[in-house]
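A short write-up of the structure that comes next.
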Amino acid sequence: MDDMRQFEAAARQSLLPPAPDAGAASPCFLGVSLFTAAAACLFFLAALSAIYYCCYIAIVSSDKESLLLKLKGRNSGKKKKKNQNNDNDAPPAPPGRGSSWWWSVAETLAFVAANSSGRGFYHFVHARHRRYGPPCFRTALFGRTHVFVSSPDAARSLLAAEPAGFSKRYVRTVADLLGEHSLLCASHAAHRSLRRAVAPLFNARATASFAATFDALTRRLMRDWSTSSSGAAATVVVLDAALEITFEAICDMLVATLPRDARRQLQGDVLAVTRAMLAFPLRLPGTRFHAGIQARRRIMEVLRREIASRRRDGSLRQQRGHNHSSDDMDFLQSLLLRSQQQSDNDEAPLTDEQILDNILTLIIAGQVTTAAAVTWMVKYLADNRDFQQTLRSVQLELAPKHQDSPLTLQHLSSMELAYKAVKESLRMASIVSWFPRVALDDCQVAGFHISKGWIVNVDARSLHYDPTIYENPTTFDPSRFNGGDMKQPYSFLVFGAGGRTCLGMNLAKIMMLIFLHRLVTTFRWEMADEDTSLEKWAMFPRLKNGCPIHLTPI
C-alpha cells in the first residue's frame with residue numbers, strides 16, 4: 001500500500017501540466033484531464049496485478065486437474081475424498097477451510113496483510129490455531145494447501161532423518177530467492193550430498209577461529225559504545241550493531257577476500273532478499289519480490305566474480321600443490337577445492353550453482369537469524385533486570401583476568417547460566433517459526449488425513465508456547481532449562497531436528513554467548529523504546545525499532 005501511494009504521488013508530480021502558452025487549453029481542464037488519466041492508469045495497473053495474481057493462484061492450485069472444473073466447483077475427485085472423510089472408518093481432514101482457488105487467494109491476502117503489519121506473519125497462524133484448536137489446522141497459501149501441526153509426536157514423524165513419504169518444501173518465493181540447490185530447499189538425496197560437502201567446514205579448529213574473530217569484533221563494538229557513553233548513559237540500536245558484526249564474522253568465514261565495497265553491497269542485497277521471501281510472487285518492477293530477485297542476481301554476480309578471480313590467479317592450483325589444510329581457507333575456497341578433488345576422483349563435483357546458492361544460504365542463516373536472536377535476547381534481559389544483575393555477577397566471576405583478553409571455547413563451555421539464557425531467548429523468539437514438509441503420497445499426520453501434495457508445517461512457535469510443555473510459557477525463565485528438568489523430545493525446535501538440523505547451530509550459540517558475556521560484563525541496560533511491534537516483511541521476526549537501549553557503564 002505504501003509503494004502504491006508513493007507511485008501515485010510520483011505519477012501526480014510527473015504529470016503536472018506545463019505553463020500554458022497563448023492559445024493553449026485551460027490549465028485547470030488540462031490538470032483535471034491528466035489527473036484522471038493518471039488515476040485510470042493506476043487503477044488499471046492495480047487491477048492487472050490483482051488479476052495476474054488470482055490467475056497465478058488458480059493455476060498453481062489446479063495441480064493436474066481442469067482449471068475450468070476448479071472454477072465451477074465440480075471436481076469429482078474432491079467430492080469423492082469428501083465422501084471418504086465422512087466415512088467413520090476414514091480419518092478426518094484437518095479442520096479449516098477447503099483448498100479452492102478463491103479461498104487460497106483470500107487466505108494469502110490475509111497472510112500477506114499480517115506480514116505487512118506490526119503484528120508479524122505468525123499472527124495469521126496464531127489466529128487460526130485459536131479458531132480451530134490444536135494440534136492441527138488447514139489453510140491455503142500461495143496456491144498450495146498448508147497444514148500446521150503442533151504436537152511433539154507429529155514433529156518426530158516429520159523431522160526424522162528421512163521421514164517416509166515427505167520431502168522438504170518451502171513456499172515458492174523462498175525457493176526462488178535462495179535457489180533450488182540451497183540446503184534449505186534441496187530434496188533428501190541432494191541434501192545428503194550437499195551436507196557431506198559442507199559439514200567438514202564446521203570442524204573444531206574452524207569453530208575456534210570463528211569464535212576468536214567474533215569476540216574481537218564484539219570487543220571492538222563494546223569499546224565504541226564505551227567511548228560514546230563517556231561515563232554517562234548512551235543509546236544504541238542493538239539490531240543494527242548485531243547485523244553489522246555478525247555479517248563481518250560470517251563474511252570472514254565464507255568469503256574472506258571480498259573487498260569492502262562488495263561487502264557493503266552484499267549486506268544490503270541480503271536484507272532485500274530476506275524481505276522478499278514472503279512477499280507476493282509478482283515479478284513486476286516496483287514489487288518487493290522483484291526487488292528481492294534483482295538483489296539475488298547482484299549477489300550471484302559478486303560471488304561469480306570472486307570465483308572467477310580465484311580461478312584466474314591460480315590460487316586453487318597453488319593450494320592443491322601445497323596440500324594446504326581446510327583450516328587455512330575460507331568456506332568458498334574449501335568448496336571450490338573440494339569440487340576439483342571430486343572431479344579428479346570421478347565423483348560428482350559440486351557445481352558453481354550449488355556453491356553459490358549455499359554461500360547465500362549460509363550468509364542468511366548465519367547473519368540475519370543470529371542478529372535477530374541476539375536482539376531478542378537483549379530485549380528479554382532488559383525486561384528482566386533482576387536476572388540481568390544475577391547473570392552479571394556470575395559472568396564477572398567467569399571473565400578472563402583482563403577485559404580485553406580473548407574468550408576461548410573453554411570459557412564459553414563454563415557459562416552454564418548464560419547458556420540457559422540463550423536457550424530461553426531462542427525459545428521465546430522462535431526465529432524460525434515452522435518447518436515445512438510436502439506429502440509425497442496420501443497419508444496420516446496427528447490422526448488427520450493428508451493428501452498428496454499438501455505442505456505440512458511443524459509449528460515450532462506453537463510448541464515453544466505450549467503450556468502443557470512449558471509452564472508459564474510467556475514468562476522469560478532460563479531456569480526451565482535446568483539439567484534435571486528434561487523437556488519432551490521434539491518440543492524444542494529452535495534449530496530444527498533430525499537429518500536437517502541446522503549445521504551452524506554451534507556458531508549461532510557461540511555468537512550469542514560471546515555477545516551476551518561482553519555486554520553484561522561491560523554495561524547495564526534498559527529499553528529506550530517499549531514499542532513491541534514487529535518489522536514489516538521480515539522473514540524472521542524482529543522489533544521494528546531495532547531494540548534501542550540505554551547503556552550505563554558498570
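Remember, it's a predicted structure, so these values are computed and weren't measured experimentally. Excluded from the calculations below are hydrogen atoms, water molecules and symmetry mates; all remaining heavy atoms, backbone and side chain alike, are included.
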Pi-cation contact, Tyr465 with Arg427 (under 6.0 Å, within 45°) = yes
Would you say Asp215's side chain and Leu407's backbone share a donor-acceptor pair under 3.5 angstrom?
-> yes
Pairing of Arg283 and Asp176 as salt bridge, 4.0 angstrom limit = yes
Any donor-acceptor pair under 3.5 Å from Thr108 side chain to Phe142 backbone | yes
Flag, side chain of Gln388 to backbone of Trp525, donor-acceptor distance under 3.5 Å | yes
Is the backbone of Ala175 close enough, under 3.5 Å, to the side chain of Glu180 for a donor and an acceptor to pair up by distance?
-> no
Distance-only donor-acceptor check, side chains Gln389 and Arg385, under 3.5 Å | no
Under 6.0 Å from the CZ atom of Arg130, do we count more than 12 heavy atoms belonging to anything else shown?
-> no
Donor-acceptor pair, Asn358 side chain versus Leu183 backbone, under 3.5 Å?
-> yes
Mind telling me whether Phe481 and Tyr470 have parallel, tilted or perpendicular rings, with 30° and 60° as the class edges?
-> tilted
Donor on one side chain, acceptor on other, His550 and Thr552, under 3.5 Å | no
Charged N to carboxylate O under 4.0 angstrom, Glu424 versus Arg480?
-> yes
Looking only at atom types and distance, does a side-chain atom of Gln395 sit under 3.5 Å from a main-chain N or O of His517, one as donor and one as acceptor?
-> no
Any ion pair linking Asp357 and Arg296 (charged N to carboxylate O, less than 4.0 Å)?
-> yes
Name of the residue among Phe435, Phe448, Tyr122, Phe137 meeting ring-ring contact (aromatic ring centres under 6.0 Å, His included) with Phe148 | Phe137
Test item: Thr274 side-chain N/O and Leu271 main-chain N/O as donor-acceptor pair under 3.5 Å | yes
Do Trp376 side-chain atoms and Pro541 backbone N/O form a donor-acceptor pair below 3.5 Å?
-> yes
Side chain Thr521, main chain Leu396, donor-acceptor under 3.5 Å = no
What's the spacing between Leu266 CG and Ile250 CD1 if we round to 0.5 Å?
-> 12.0 Å
Any donor-acceptor N/O pair, Thr501 side chain to Gly498 backbone, under 3.5 Å | yes
